[in-house]
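First up is the structure itself, then whatever we jot down about it.
In each ligand, atom 1 is the first atom listed, and ligand 1 is the first ligand listed. These figures come from a predicted structure and were not determined experimentally.
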Amino acid sequence: MIDLLLATHNEHKITEYRSLLAGLPYRVASLSEQGITMKAPESGATFEENAIEKARIYAPLSRLPTLAEDSGLEVEALGGEPGVLSARYAGENASDADRVRFLLDRMKDIPLEKRRARFRCVIALIWPGNGLEVFNGECRGVIAFEPRGSLGFGYDPVFFLPEFGKTMAEVSAETKNQISHRASAVRKARQFLERRATEGILR
Ligand code: ITT
């Protein structure tokens with residue numbers, strides 16, 4: 001098994017990645033296990049810039065192969081907001097519930113047919129001294145008028161999935177890990193991760 005730093009301070013992301021990376025020859029190490037407490041500034045204008053920034057900051061601190069990600073929600077009728085500001089949309093110390101309420105308030109006059117949205121996830125992978133790879137995933141849905149469900153995290157309770165007739169917070173973790181933006185990005189990264197593991201073992 002090869003150690004892979006999962007460079008996030010978000011416990012929910014860690015739980016999801018542990019499932020999504022299962023079956024690959026990696027042992028997931030968290031920032032807290034590595035004693036890394038610093039928080040990347042996330043100064044980029046895009047998910048990709050932020051994911052790369054996080055990977056470039058955390059990889060040298062750990063000296064491990066590093067997976068960083070930036071993710072968030074884009075609402076069509078809000079011109080792509082909250083986007084890269086998803087985690088900070090309702091202020092720095094707001095809770096998930098505060099962010100959901102803030103979003104619903106901003107969207108209170110927007111009719112159902114204009115509530116299309118997507119979750120996006122960009123993964124940046126760095127192998128120390130060995131370049132950078134980026135993988136994108138997305139998941140499409142509709143912003144509900146009220147929160148429903150208690151699974152998942154973040155904006156899941158208002159992210160309605162028409163094909164399931166449920167919000168992302170009402171489908172099981174297993175289902176979320178098949179259809180989410182994160183699952184889609186990991187699926188694309190899988191081959192690369194497998195190849196790198198084989199090269200590492202042969203070296
Ligand atoms: P790290 O930077 O340490 O990874 P973070 O929570 O700050 O943790 P981001 O900057 O990538 O992560 O912000 C992502 C935000 O987007 C997250 O806090 C949620 O509000 C939202 N989000 C991302 N993925 C989500 C998901 O699967 N379900 C619901 N909301 C999600």
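At a cut-off of 3.5 Å, with distance as the only test, no side-chain donor of Y58 or Q34 sits close to an acceptor on the other residue.
For ligand 1, one of its N or O atoms has an N or O atom of D70 under 3.5 Å away. For ligand 1, one of its N or O atoms has an N or O atom of N10 under 3.5 Å away.
The closest heavy-atom contact to atom 16 (O) of ligand 1, among the options C121, S86, P157, comes from S86. Among S71, A169, A183, the residue whose heavy atom lies closest to atom 23 (C) of ligand 1 is S71.
In terms of protein heavy-atom proximity, atom 1 (P) of ligand 1 is nearest to T8 OG1, 3.4 Å. Protein heavy atom at the shortest distance from atom 27 (O) of ligand 1 is K176 NZ, 2.8 Å. Considering only non-hydrogen protein atoms, atom 25 (C) of ligand 1 sits nearest to F153 CZ, 3.4 Å. Here the protein heavy atom with the shortest distance to atom 21 (C) of ligand 1 is Y155 CD1, 3.8 Å. Scanning all protein heavy atoms for the shortest distance to atom 2 (O) of ligand 1 gives K54 NZ, 2.7 Å. Looking at atom 24 (N) of ligand 1, its nearest protein heavy atom turns out to be R182 NH2, 2.9 Å. In this structure, the protein non-hydrogen atom closest to atom 7 (O) of ligand 1 is K39 NZ, 3.6 Å. Atom 11 (O) of ligand 1 has K13 NZ, 2.8 Å as its closest protein atom, hydrogens excluded (heavy atom only).
A salt bridge links E138 to R140: one of the charged nitrogens lies within less than 4.0 Å of a carboxylate oxygen. Ion pairing between E199 and R196 holds under the 4.0 Å rule for side-chain N and carboxylate O. One finds no salt bridge joining E76 and K114 here, because no Lys/Arg side-chain nitrogen approaches an Asp/Glu carboxylate oxygen to under 4.0 Å. Between R195 and E133 no salt bridge is recorded (no basic side-chain N to carboxylate O distance below 4.0 Å).
Ligand 1 is approached by D156 to a heavy-atom distance shorter than 4.0 Å. At a 4.0 Å cut-off, at least one heavy atom of H181 sits close enough to ligand 1 to count as contact.
Classification of the W127-F192 ring pair by plane angle, with boundaries at 30° and 60°, yields perpendicular. Relative ring orientation between H181 and F119 is described as parallel, the plane-to-plane angle staying below 30° on a 0-90° scale split at 30° and 60°.
Counting the atoms of ligand 1 from 1 in the order shown, those under 4.0 Å from a heavy atom of E42 are 2 (O), 7 (O), 10 (O). Close approach of ligand 1 to F119 (heavy-atom distance below 4.0 Å) involves ligand atoms 28 (N), 29 (C), 30 (N), 31 (C). The distance from ligand 1 to the heavy atoms of G154 drops below 4.0 Å at these ligand atoms: 29 (C), 30 (N).
Contact annotation for H12 and ligand 1: no heavy atom of the residue comes within less than 4.0 Å of the ligand. At a 4.0 Å heavy-atom cut-off, ligand 1 does not touch F159 at all.
The cationic atom of R115 (NZ for Lys, CZ for Arg) lies less than 6.0 Å from the six-membered ring centre of F145 and within 45° of the ring axis.
Side-chain contact check for K54 versus I57: every heavy-atom pair is 4.5 Å or farther apart.
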Evaluation steps, side chain to side chain donor-acceptor pair (under 3.5 Å), between T8 and E69:
CA-CA 7 Å; T8 176; E69 76 136 67; over 6 Å; no
With side chain to side chain donor-acceptor pair (under 3.5 Å) as the test, would you mind laying out the steps for R182 and S71 before giving the verdict?
CA-CA 8 Å; R182 196 160 288 114; S71 53; 3.2 Å; yes
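Residue G44 comes nearest to N50 through the heavy atom pair N-OD1, 2.7 Å, listed as atom of the first residue, atom of the second, then distance.
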